Amino acid sequence: MGLANTAEIVDLLFSYMPKIAEERKMDGLLILMADLGRSLVGADRCSLWLIDENKKELWTKIAHGVDELRVPLRWGLVGHSISSGNTICVDDAYSDDRFDPSSDVKTCYKTKSVLTVPLKNSNGRVIGAFQAINKKEEPYHFLNHDIEYLNLTAVYSAKTLESALLTKELEETQAEILYMLGEVSEYRSKETSDHVIRVAATSYKLAKYFGLNEEEANQIRLAAPLHDLGKIGVPDSILQKTGAFTPEEYDLMKKHTVMGHHLLQNSSRPLLQMAADMAISHHEHWNGKGYPNGLAREQIPLASRICAVADVFDALSNSRCYKEAWPESKVQEFFLKQRGCQFQMELVDVLLAHWDDFMSDYREK
Ligand code: C2E
Ligand code: SIN
Ligand code: SIN
Ligand code: FE
Ligand code: FE
């Protein structure tokens with residue numbers, strides 16, 4: 001049954017995150033994405049195909065087990081997927097006339113099941129395809145959730161390729177990929193994938209109103225989605241518990257801070273270092289009574305102090321599996337009460353002064 005088991009998925013993602021965080025070159029990142037795609041769908045091989053516009057050919061940028069292949073634009077399943085822009089899922093390639101067995105002859109290989117998803121750039125134009133070949137376990141063909149997984153790796157590979165073309169920081173794409181990995185693992189905890197997006201938006205606004213410049217605020221916006229990354233290491237039974245925690249359960253949950261830090265700490269990239277700091281210290285309190293290290297005041301990195309306000313603002317304003325959403329007035333009272341206790345005074349002042357702007361994303365829903 002491959003990776004239908006969430007514990008296996010989490011283990012797998014855990015093993016990739018540090019590698020992705022450390023990678024410094026685009027090709028290395030694409031190889032990791034192909035490896036991850038292959039593992040996620042349980043395929044024997046995975047390849048990344050790109051369009052060569054000049055020669056009107058397709059070529060394998062990354063391929064497991066074969067040297068670079070070059071084929072005509074409309075060749076085979078991969079060509080059909082690219083020209084139609086559709087996902088193609090075939091249980092037995094030899095009974096599909098779009099498949100061309102000549103590549104098997106060349107590479108001494110026997111293709112059976114094939115899953116091909118097109119790679120689209122941010123304008124929606126098809127720039128290539130991701131192809132997984134031969135599901136290794138029963139039922140020996142690809143399933144719906146495999147399409148989802150391969151699509152995810154395709155989306156982020158396209159972003160990686162695009163970031164190079166746009167000379168956008170590869171680092172930003174890496175942060176997005178890590179965020180995506182966090183999301184995949186959150187099939188378990190649905191509430192939190194919206195949570196991280198809203199915490200990013202709120203952190204950005206707080207940073208701007210607090211007086212940070214655009215670049216600093218943007219760094220915080222990009223790092224913030226990773227603040228709860230460590231929750232992927234927390235068991236489902238705790239994450240999804242509908243009632244209040246026992247002290248033991250709460251202690252385990254608190255470990256998400258150090259686990260997130262552990263996943264991110266080895267990167268030398270400033271953005272991911274900020275994310276590592278945020279992961280470990282977003283539950284510290286201004287008065288020193290938070291966790292895991294009981295840091296106080298400026299000992300807590302500014303980005304984490306900002307994230308802490310955004311995090312609790314979001315947790316209180318929404319319902320959770322363990323609590324109802326609080327009415328606006330009660331949220332406001334809470335922040336006033338914690339001004340200078342749980343949170344830095346100036347940040348609470350900023351939040352209250354621009355309350356309607358911060359609330360606008362929440363009232364709309
Ligand atoms: P979260 O739901 O995103 O909440 C983030 C933070 O918002 C909490 O950090 C806490 O500081 C604040 N917060 C949320 N709800 C309340 C509330 O009702 N009252 C007050 N005073 N503050 C609140 P905390 O406590 O360190 O919790 C971290 C994470 O642990 C939470 O993230 C949530 O995922 C989980 N959690 C905490 N308590 C419980 C619980 O009793 N049951 C369950 N199932 N999960 C819990
Ligand atoms: C195909 O896309 O038709 C098969 C590709 C391959 O065997 O590499
Ligand atoms: C305190 O710790 O004394 C107030 C802030 C909190 O709720 O932890
Ligand atoms: Fe947290
Ligand atoms: Fe959080």
Side-chain angles (χ1 to χ4, degrees), residues 178-179 182-183 185-204 206 220-221 223-264 274-295 300-301 303-344 347-348 351 358 362:
L178 289 166
Y179 163 56
E183 275 222 309
S185 63
E186 307 241 347
Y187 271 124
R188 318 167 316 132
S189 173
K190 286 181 224 92
E191 70 205 12
T192 44
S193 45
D194 295 335
H195 168 63
V196 292
I197 296 169
R198 289 188 307 250
V199 169
T202 302
S203 298
Y204 174 80
L206 279 168
I220 290 177
R221 183 176 65 79
L226 298 167
H227 77 273
D228 275 334
L229 194 65
K231 281 189 180 172
I232 70 165
V234 177
D236 280 353
S237 55
I238 292 182
L239 220 49
Q240 292 170 351
K241 183 174 179 190
T242 47
F245 281 157
T246 64
E248 293 75 27
E249 288 168 336
Y250 198 23
D251 281 345
L252 269 176
M253 174 54 104
K254 285 177 175 173
K255 296 214 166 81
H256 80 278
T257 50
V258 285
M259 288 193 284
H261 182 254
H262 182 74
L263 287 171
L264 294 162
M274 177 189 272
D277 282 348
M278 253 188 206
I280 199 167
S281 54
H282 70 279
H283 287 294
E284 299 287 2
H285 290 183
W286 182 251
N287 62 10
K289 294 184 181 175
Y291 63 87
N293 293 319
L295 303 182
I300 310 166
S304 307
R305 283 178 257 150
I306 288 175
C307 179
V309 172
D311 188 33
V312 175
F313 177 74
D314 189 74
L316 299 180
S317 305
N318 288 282
S319 62
R320 290 274 194 270
C321 61
Y322 64 97
K323 59 168 275 296
E324 290 300 313
W326 289 14
E328 246 184 86
S329 59
K330 206 174 151 207
V331 179
Q332 230 165 358
E333 273 166 39
F334 179 81
F335 276 100
L336 208 51
K337 196 173 121 239
Q338 296 297 344
R339 181 177 177 273
C341 299
Q342 187 167 346
F343 311 108
Q344 182 175 1
L347 288 171
V348 172
L351 181 73
F358 284 103
Y362 292 84

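First listed ligand is number 1; within each ligand, the first listed atom is number 1. These numbers were taken from a predicted model, which means no experiment stands behind them.
An angle of 100° is found at the Fe ion (ligand 4) between His256 atom NE2 and His282 atom NE2, rounded to 10°. Put simply, the angle at the Fe ion (ligand 5) from NE2 in His227 to OD1 in Asp311 is close to 100°, to the nearest 10°.
Within the 4.0 Å heavy-atom criterion, neither part of Lys254 lies near ligand 1. If you look at Phe245 next to ligand 1, the close heavy atoms, those under 4.0 Å, come from the backbone and the side chain alike. In Asp228, neither the side chain nor the backbone holds a heavy atom less than 4.0 Å from any atom of ligand 1.
Relative to the ring axis of Phe334, Lys330 does not place its NZ or CZ within 45° and under 6.0 Å from the centre.
Without hydrogens or angle criteria, Lys323 side chain to Ala315 main chain gives a donor-acceptor distance under 3.5 Å.
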Steps toward side chain to side chain contact (heavy atoms under 4.5 Å, CB included) verdict (Met278, Ile220): CA-CA 9 Å; Met278 253 188 206; Ile220 290 177; 3.8 Å; yes
Steps toward side chain to side chain contact (heavy atoms under 4.5 Å, CB included) verdict (Ile280, Asn293): CA-CA 9 Å; Ile280 199 167; Asn293 293 319; 4.2 Å; yes
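Here the options are Ile300, Leu295, Leu206, the test is side chain to side chain contact (heavy atoms under 4.5 Å, CB included), and the partner is Arg305; only Ile300 passes. The side chain to side chain contact (heavy atoms under 4.5 Å, CB included) with Pro292 is formed by just one residue from the set His283, Glu284, Lys255, Lys254; it is Glu284.
Residue Lys231 has at least one heavy-atom neighbour below 4.0 Å for each of these atoms of ligand 1: 32 (O), 34 (O). Listed by atom number, the atoms of ligand 1 under 4.0 Å from Gln342 heavy atoms are 11 (O). Listed by number with element, the atoms of ligand 1 under 4.0 angstrom from any heavy atom of Ala244 are 41 (O). Set against the non-hydrogen atoms of Phe334, the atoms of ligand 1 under 4.0 Å away are 21 (N). Every atom of ligand 1 is numbered from 1 in the order shown, and the set under 4.0 Å from a heavy atom of Gly243 is 40 (C), 41 (O), 42 (N), 43 (C), 44 (N). Per-residue contacts place Asp311 under 4.0 angstrom from the following atoms of ligand 1 (heavy atoms of the residue considered): 3 (O), 5 (C).
For the pair Phe245 and Tyr322, the minimum side-chain heavy-atom distance is 4.5 Å or more.
Between His282 and His227, the ring-plane angle classifies as perpendicular under the 30° and 60° cut-offs.
Nearest to the Fe ion (ligand 5), among the N, O or S atoms that Asp228 has, is OD2.
When His283, Lys241, Lys323 are ranked by how near their heavy atoms come to atom 15 (N) of ligand 1, first place goes to Lys323. The closest non-hydrogen atom to atom 3 (O) of ligand 1, taken over Glu249, His285, His256, Arg320, comes from Arg320.
The line from SG of Cys307 to CG of Asp277 is 11.5 Å long, rounded to the nearest 0.5 Å.
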